[in-house]
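Below is one structure, written out as structure tokens; the observations come after it.
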Amino acid sequence: MDLLLSAEQEQLQTSASKLLAEQGGVKRMRHLRRTSAGFERSVHEKMASAGWFGVLVPPEQGGLGLGLTELALLLMETGRALAPEPVAPTAIAAYALSGGVRSAESSSLLEQVVAGEKIVSLAVEGDGSELDDTRASLAAMFTSGRIVLDGTRAGVPLASACDGFIVAAWSKDGPVLCYVSRSASGLTVEEHETVDGRTYGTLTFRAVPADHLIAAPALAAPLLQALYDMMLIATAAELVGVMSAALDMTVEYLKIRKQFGKPIGSFQALQHRAVDNLVQVISTRTLLFQICDQGIVASSEMASALKAYTAGEALALTKSAIQMHGAIGFTDEHDVGLYLKRAMWLAAYLGNETAHRKRFDRLSQFEPV
Amino acid sequence: MDLLLSAEQEQLQTSASKLLAEQGGVKRMRHLRRTSAGFERSVHEKMASAGWFGVLVPPEQGGLGLGLTELALLLMETGRALAPEPVAPTAIAAYALSGGVRSAESSSLLEQVVAGEKIVSLAVEGDGSELDDTRASLAAMFTSGRIVLDGTRAGVPLASACDGFIVAAWSKDGPVLCYVSRSASGLTVEEHETVDGRTYGTLTFRAVPADHLIAAPALAAPLLQALYDMMLIATAAELVGVMSAALDMTVEYLKIRKQFGKPIGSFQALQHRAVDNLVQVISTRTLLFQICDQGIVASSEMASALKAYTAGEALALTKSAIQMHGAIGFTDEHDVGLYLKRAMWLAAYLGNETAHRKRFDRLSQFEPV
Amino acid sequence: MFRKDSASDATFRKQVRSWFEANLPRELRGRTVRPPPADLMVWYKLLSERGWIAPHWPKEHGGMEATLSEQIIIAQELGRLSAPHLPLQGVNHLGPILMRYGTHEQKQRHLPPILRGDVIWAQGYSEPGSGSDLASLTTKAELKDDHFVVNGTKIWQTWAHHADWMFTLVRTDPEAKPKHAGISFLLINLRTTGVKTKPILNIAGDDEFSQVFLDDVIVPKENLIGPLNGGWKVANDLLANERLFTSSPQHALEVVHRITRLASANGRDGDPVFRDKLAALRIRIIAQEALFWQAADLIANGRPLGPASSTMKLIATSNLQAATDLLVDVADTHGADVRRQSVGDDDLDVTRIFLQSRRATIYGGSSEIQRNVLARRVLGLPS
Amino acid sequence: MFRKDSASDATFRKQVRSWFEANLPRELRGRTVRPPPADLMVWYKLLSERGWIAPHWPKEHGGMEATLSEQIIIAQELGRLSAPHLPLQGVNHLGPILMRYGTHEQKQRHLPPILRGDVIWAQGYSEPGSGSDLASLTTKAELKDDHFVVNGTKIWQTWAHHADWMFTLVRTDPEAKPKHAGISFLLINLRTTGVKTKPILNIAGDDEFSQVFLDDVIVPKENLIGPLNGGWKVANDLLANERLFTSSPQHALEVVHRITRLASANGRDGDPVFRDKLAALRIRIIAQEALFWQAADLIANGRPLGPASSTMKLIATSNLQAATDLLVDVADTHGADVRRQSVGDDDLDVTRIFLQSRRATIYGGSSEIQRNVLARRVLGLPS
């Protein structure tokens, strides 16, 4: 409504929306809650067929060669449908592979990831208070031509259900990125359930040999920074989708639900609250698109501003949506609660509003016009 | 309406309200803005006749021997009428004199203060960031039986127009309180205009001999703490009065002003905002009374909690009052703006919400039930 | 904070605390999900045997006839051990109503089983179409000779699927104007033919609520409380004072306790930004305490609480939610974990506490309804 | 933040900046109170002579025909020097209206004096009884032969007591339904017999506003713009795009600039609590910048802004007020001082900035009205 999308972008969005609706929309997610995988490989493959995971991969490497805006559009739809597939990690993992060293292993893995044959997650999150500081918890040693990893990585989406990880670790020369199979010896995954019925994992590496290198220090440092910021933006995009679906659902309910002989949406106090939520959707979405528009490598400062702003607004909006639904909104059987819970996870993932406000403050310099 | 006042307390409040209305209410304050004294001696004397300045002074020293609740009631009315007389400083100065060393000078001064013949202000505020730390800026030396002061004191209400000051200073043995005439040699007053059209002063002492001692260190330390906290509570009481008058005025306007063929007070969004303001009045007033109820020496922690809470709520409420008045509320000719401006000064005086939240945090220990 | 115990209250608190510590089963402490009725009623009956299940009931009906401050002490001490919420609809709601409006026979029949914990009661006011606009309820009770025939459905009953009886509001005069003049207060045995109950999970996954379906249910006329078509007053008369306990600062303080434990475990307690937020929250709760104690004084002095209960509810619920917001904030990247966040012996259960606190501004008269009440009744704003 | 100047824009900015720095009188910079017209119009005429007073006007009418980004650059560079607000009602409001709705004669007569600064215009829409409900206005203009006779009063005109002419909305059909169908757009020379103006001080003590009294004022028929009874559309048609500039993030950023200067002067800039608040504010303003640039793109692409202008106004005004709140907060015990709070060369004038920002959510369609508009037009909620 207030975007400047190209016809191609609009079409991408529409087809993504259609694909997810055909799989069952929010109902599907409801059934997948607290199941062991948490998502469906078959749907993941359909997404792959639609080109989702190659969105950031250059055409010459088998991708669509599009940009952050297109990734954001896919993720907004993912958020709207609460689709549990690891869309963001997979698409960003593919970007990492396409941007790392060209090796036979990398190329083959990239091909499989883009085709949806292998599911690769990202293990790049530092400790909660350090955010993007990868130094802290995972060490990489080059031993007789192999990379061996020791330490931990937290916050890995759907860790138990994927085939491998892009792992960031710290070597004596600086950060490295490498690929580690889920089945690598010495690697254990501790699973944590999240409030929205999915899981994420903490990986513990005990002398784990990496499958292959993706980026050595000189390349890894900027790439890693880009991956982290891209994930922040991706998370924000999914949050924007969550927000807009929760608002739509709420506005519909305000039109239908009657009390005191009138639709409750005719009461000005609720109208104004819904408008404040509309403003939140418009402003987060616009900020998202404008940041995506700056190109594939956004500034860390802006990525943190976006994550902080979207996390805060999404929690406020989804709480407001529950309140406007009243008693029915407080039940498990109504979908609106699923949106609040998804917002809780996305808001917390990779650091919450408070954390990213602090990162923004650290990174940014105020310069008036 | 939701208080547990005694009949005597209610009568005190009613007569205070009547006295101020007879002097001209808010109109009077409007005319006194930006005049040199900023208040009227004649009104100050009428307040004295009604016993206001002896409210905290024991009957045997010529006062009413009442407590903080009664002081708060007088100050709420002062706030409601925006009366510019230094009610709180005078009444608290009288308390200081009655609680200090008994000397002929003190007794005579106390008598004059209670009678409204002499106007004494308080110069006990530390530096903005130190709040109640008096050490920083004013030194006292005992020299051949006299006290000599060097340094500064800030935030002294109506400093140019009063006859003298109760001054807190720091001697080598600890804090002292003493009395200094306005005309003391070496004392200069720098006046600052405040947004509500009054003044406060910064006093500079250059080898100023104090008129007489009020309290030496052993007594001065607790007395000074009590004075400071009492002033916080007094400021909060005046803020509560300001808030309740601004709310009353706004609710009246909502009932009278018509737009779209209806009183604007029938629009639910404005109703709910007015209710939120009502809740602010009730909760600040209740907190005030419950703290006053704890006795004349309240805890510093509670005094800061009250100042922080009331300052924040008062600014929010008076801004909301302007907004609900619309265009007319943005003019100088409407009284509602005077309440916002008075709230700004009272909120800033002795440290604002942020400052007192910090002091509260420093002083308080959280102990769950 | 505002009140120190009197000497006798201090003695009472000591007594209560040591008995609770000795008798409250450890596995019932700190639960954020309702334990099954069988486990819970053990504690109910222990309290009942001790004579403490109904602090506010008069002695003639088997209560403690406790002073208000003693009642508050009991609530505080239960909170201190994070005792589980008991099904107290009978003790807290129906009991006082029966004492005021019940006949001698009704009191004799229903009060003792409530006290002993032999009967669990549910409250059946809301309906799917009647939430905030309760007076529009449509569950119909037709009086035929010596009984009513009841048809309709009730929803949002706490635990009706585990309850034996329900006290409820039914429409006995469909023509009445205003609508609330055609409502009666009825007791329905949930074991009667034609009654069906269905549990409803809340957003935190707890089977807190039920829906009750009533299909040609025969209810003896003797189960009518108060006059026919006079049920509105019966149900609403005693609401304001009950709100004292639901608006207690203790609920928010318990969350603050979780916040401080979590913050000291994860190091946030040294962060000035966190300390500022915590101080702001604690100051707001102090203001709430002031309101609470003033209301307690009013009640103790026999004065009506009136619309002040709406003010208290608005403040209490917004403080509770501000507290659970801060709890999630402090948990940072773990703010969406459902694994138990243990700090020492404590299970902090951040997400469930946060989700459950959504209830506060919706149930018992939503915040919107409270604001409407205050706009009309206190500010006198036009409709 | 979001946009870097293109090469040609960078050149333009450099040119504008150096000319402003050389030509804007120093005594007109950083003023928080409107200087007297005589002082102000010197700067107006300088800009006019340079050809920069009407960046958005087409060249045929003497404007710059600047691109939108050039217009934004001019506004930014004026803000950078804290240039005073000029009486631009003629340039910004009336000019575009005349260009779209005026006859050839009307354009010829009125546009050149606006451009030269020979005539100051006031906008006369609001009335004492018609603020948010503007369509209910009652100032009456009766058409008699070749002239209107106007009676009524207009209020909240910016500086009408210093203006020469007023463009206004008057009621020409008292019977019309809906009410806005009976309104016409009229130009009134304020030197005409029967016109009186009275200044009104705003809350910050500035003579910003006026009330205009119209008593049997004769207005030639040729002063009617657009069709008789068609004034509503004339007045509202171009509003949305104008809001782009009133919703510019620059206003809040200028306050942020004051905040950071004050904080570095009084030491707060090292306080983590302050830094957190400032970061929150700056992030909000970044989101506002995103909206602003997107809106600019829409306008540059010839697409209508529509209700998005209401969204922008809500965000812009709440950010501005959040910024002035923080300014007062940082000033702490000096937050109510009117003495100039100087930091280096700067006059921070905390209280006046704070008070003046109250205007934002009231004028130009209050926040309440914006929310009503969005509820109806975007969300489609029922009335």
Side-chain angles (χ1 to χ4, degrees), chain B residues 1-4 247-248 250-252 254-255 262-268 270-291 293-294 299 301-302 304-310 312-313 353-354 356-369, chain C residues 1-4 73 75-77 79-80 249-250 253-254 256-261 272 275-280 282-295 297-298 301 303 305-308 310-312 314-315 318 367-368 370-376 378-383:
Chain B
M1 134 202 162
D2 54 349
L3 303 175
L4 289 164
L247 175 64
D248 290 352
T250 303
V251 170
E252 274 319 295
L254 292 178
K255 290 176 186 173
K262 295 197 277 191
I264 59 174
S266 66
F267 292 104
Q268 197 188 31
L270 295 186
Q271 290 184 344
H272 284 197
R273 191 181 301 167
V275 164
D276 289 341
N277 296 150
L278 170 72
V279 169
Q280 294 173 315
V281 169
I282 292 175
S283 67
T284 50
R285 188 175 54 187
T286 307
L287 180 59
L288 169 67
F289 277 101
Q290 291 288 327
I291 288 177
D293 207 40
Q294 300 193 314
S299 78
E301 172 189 338
M302 282 301 199
S304 276
L306 176 66
K307 179 67 177 19
Y309 186 64
T310 314
E313 299 296 70
E353 181 184 15
T354 302
H356 279 285
R357 203 187 270 174
K358 204 166 270 178
R359 184 175 181 249
F360 170 82
D361 179 52
R362 183 160 47 82
L363 295 174
S364 74
Q365 293 288 328
F366 173 68
E367 13 163 7
V369 181
Chain C
M1 279 262 162
F2 284 103
R3 297 296 155 91
K4 296 225 186 308
I73 287 168
Q76 286 174 336
E77 294 300 321
R80 196 178 150 269
Q250 201 182 330
L253 285 173
E254 284 176 35
V256 169
H257 194 37
R258 285 172 198 259
I259 293 168
T260 52
R261 281 179 292 168
R275 299 199 67 88
D276 180 65
K277 289 178 187 170
L278 180 64
R282 287 179 52 210
I283 289 171
R284 286 172 59 163
I285 298 173
I286 287 174
Q288 183 188 349
E289 289 186 84
L291 270 175
F292 176 79
W293 285 108
Q294 183 182 271
D297 283 350
L298 281 169
N301 282 279
R303 287 169 60 179
L305 211 49
S310 292
T311 310
M312 281 177 50
L314 285 171
I315 288 187
S318 88
S367 298
E368 291 74 22
Q370 307 298 343
R371 289 193 176 90
N372 286 348
V373 167
L374 290 168
R376 209 76 78 241
V378 178
L379 297 181
L381 291 170
S383 55

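Everything quoted here is computed from the prediction, not taken from an experiment. Letters A, B, ... mirror the listed sequences (proteins, then strands); counts begin at 1.
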Quick check on [X] against chain C: is it the side chain, the backbone, both or neither that has a heavy atom closer than 4.5 Å?
X	result
B:Glu353	neither
B:Leu306	neither
B:Ala308	side chain

Is [X] close to chain B through its backbone or its side chain, or both, or neither, when contacts mean heavy atoms under 4.5 Å?
X	value
C:Thr260	side chain
C:Glu254	neither
C:Leu379	both
C:Leu374	both

Answer with yes or no whether the side chains of [Y] and [X] bring together a donor and an acceptor at under 3.5 Å.
X	Y	value
C:Ser310	C:Gln370	yes
B:Glu313	B:Asn277	no
C:Gln294	C:Asp297	no
C:Ser383	C:Arg376	no

Query raised in the report: Side-chain contact, heavy-atom cut-off 4.5 Å: B:Leu254 with B:Leu270?
Result: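 The answer is yes; the side chains approach within 4.5 Å.
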
Query - When B:Val251, B:Asp248, B:Leu247 are compared by non-hydrogen pairs under 4.5 Å with chain C, the top option - result: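 The candidate making the most pairs under 4.5 Å is B:Val251.
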
Requested in this report: Write down the atom of B:Ser304, the atom of B:Phe360, and the distance for their closest heavy-atom approach.
Outcome: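 So the two residues come closest at CB-N, 4.1 Å.
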
